[in-house]
Amino acid sequence: MRLVSHYLRHAPRDLSCHQFCSRVSAYIRKHYWRWQLPRLAAHPEDRLTASAVIFSRLRREIWLIGDCQCLVGNQYYDNPKPYEQQLAEERAAIITSSRHPEEFLLHDTARETIIPHMLETMKQQNVNYAVIDGFPIPEAHVRVITLSFQPWEIVLASDGYPELLPTLAQSEEALSHLRQKDPLCVNLFKATKAFYPGNNSFDDRAYIKFTV
């Protein structure tokens with residue numbers, strides 16, 4: 001995340017999505033030791049990995065690289081990882097079939113059960129889905145949204161908000177409601193992990209809103 005952020009701060013303003021994908025991958029790759037590259041090519045789960053949602057003001061485009069989301073006016077867009085919902089369903093089935101589901105908040109053995117499957121799906125990283133990890137990004141899996149020349153209210157966010165709403169307060173309130181009603185994330189919203197005790201979220205979250 002820090003490397004992608006650093007690259008963006010110094011990127012040319014007329015950068016295209018194609019150029020960004022190519023150049024940020026090369027930039028990340030430079031931070032690997034050369035002897036690491038053969039193993040990283042075979043084991044994507046060991047790579048530095050991030051998703052990003054980027055707005056190009058000059059090109060009036062939003063780029064979704066990996067599992068992130070945005071609102072353009074009232075229109076919602078995302079770019080979820082394939083297989084993740086299936087894994088969330090598998091985890092939910094294990095927990096809901098248990099006689100004591102509350103125990104999974106202390107020790108989520110259901111998540112432990114799906115982790116080998118999660119690692120297996122990561123073999124498709126930058127094959128069947130796009131991320132930023134220092135290896136070539138398949139641009140067919142990068143979502144590009146082109147904006148017309150009219151005023152737009154835009155929200156960009158990570159996937160840590162299960163319901164992306166027009167304000168940060170509303171999005172946080174929805175997240176809090178989920179935490180209260182479904183802390184295991186198996187009913188109202190199925191995820192591959194839960195709200196663990198002491199945490200106010202089940203995943204990382206970022207939210208920015210602006211008008212253009």
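Values below: every heavy atom of this structure, side chains too, minus hydrogens, waters and symmetry copies. The structure displayed is predicted, hence computed values, not measured ones. Note that the numbering runs from 1 along the sequence shown for the chain.
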Cation-aromatic face contact R60/F149, 6.0 Å, 45 degrees: yes
Output for pair (L188 CG, H177 NE2), nearest 0.5 Å, gives 6.0 Å
Residues at least two apart in sequence or cross-chain that pass side-chain contact (heavy atoms from CB on, under 4.5 Å) with H10, listed by chain then number, are H6
How about L175 and R205: do any of their side-chain heavy atoms sit closer than 4.5 Å? yes
side-chain contact (heavy atoms from CB on, under 4.5 Å) partners of Q86, counting only residues at least two apart: E90
Within the distance-only criterion (no hydrogens, no angle test), does the side chain of N79 pair as donor or acceptor with the backbone N or O of H141 below 3.5 angstrom? yes
Does the gap between the ring centers of F104 and H100 come in under 6.0 Å? no
For V127, give me all partners under side-chain contact (heavy atoms from CB on, under 4.5 Å), at least two apart in sequence or on another chain. Q124
Main-chain N/O of A206 paired to S158 side chain as donor or acceptor, under 3.5 Å: yes
Under 3.5 Å, is there a donor-acceptor pair linking the side chains of E103 and S98? no
Quick note, salt bridge (charged side-chain N to carboxylate O under 4.0 Å, His left out) partners involving residues 147-164, not counting sequence neighbours, are E153-K209
Salt bridge (charged side-chain N to carboxylate O under 4.0 Å, His left out): pairs with one or both residues in residues 35-56, sequence neighbours excluded: R39-D46, R47-D133
For S5 and R9, which I'm curious about, is there any donor-acceptor pair between the side chains at under 3.5 Å? yes
Under a side-chain separation threshold of 4.5 Å, the hydrophobic residues clustered together with L58 are none
More than 12 heavy atoms from other groups under 6.0 Å of NE2 on H18: no
May I ask you to decide if R13's main-chain N or O and R57's side chain share a donor-acceptor pair within less than 3.5 Å? no
Less than 4.5 Å apart, side chain to side chain, heavy atoms only: is that true for Y161 and L168? yes
Taking the side chain as C-beta and beyond, is there a heavy-atom pair between P12 and R23 under 4.5 Å? yes
Could I get the full list of side chain to side chain donor-acceptor pair (under 3.5 Å) partners for S97, not counting sequence neighbours? none
Has the side chain of R111 got a donor or acceptor atom that lies under 3.5 Å from a matching backbone atom of R91? no
Only pairs at least two apart or in different chains count here, so list each side chain to side chain donor-acceptor pair (under 3.5 Å) that has a residue in residues 61-76. S51-D67, E61-W63, Q69-Y76
Measure the spacing between OH of Y207 and CG of L165 and express it to the nearest 0.5 Å. 7.0 Å
Y32 and L48, any side-chain heavy atoms less than 4.5 Å apart: yes
Under 4.5 Å side-chain heavy-atom separation, chaining through any Ile, Leu, Val, Met, Phe, Trp or Tyr, what else clusters with Y196? Say none if it is isolated. none
Taking the hydrophobic residues Ile, Leu, Val, Met, Phe, Trp and Tyr, and joining any pair whose side-chain heavy atoms are under 4.5 Å apart, which ones share a cluster with F210? V53, F55, I62, L64, V72, Y77, I145, L147, W152, I154, L156, I208, V212
In chain order, what residues pass the side-chain contact (heavy atoms from CB on, under 4.5 Å) check against T96, with sequence neighbours excluded? V186, N187
List, by chain and number, the other hydrophobic cluster members for M118, where Ile, Leu, Val, Met, Phe, Trp and Tyr join if side-chain heavy atoms come within less than 4.5 Å, directly or indirectly. L87, I114, I115, L119, M122, Y129, V131
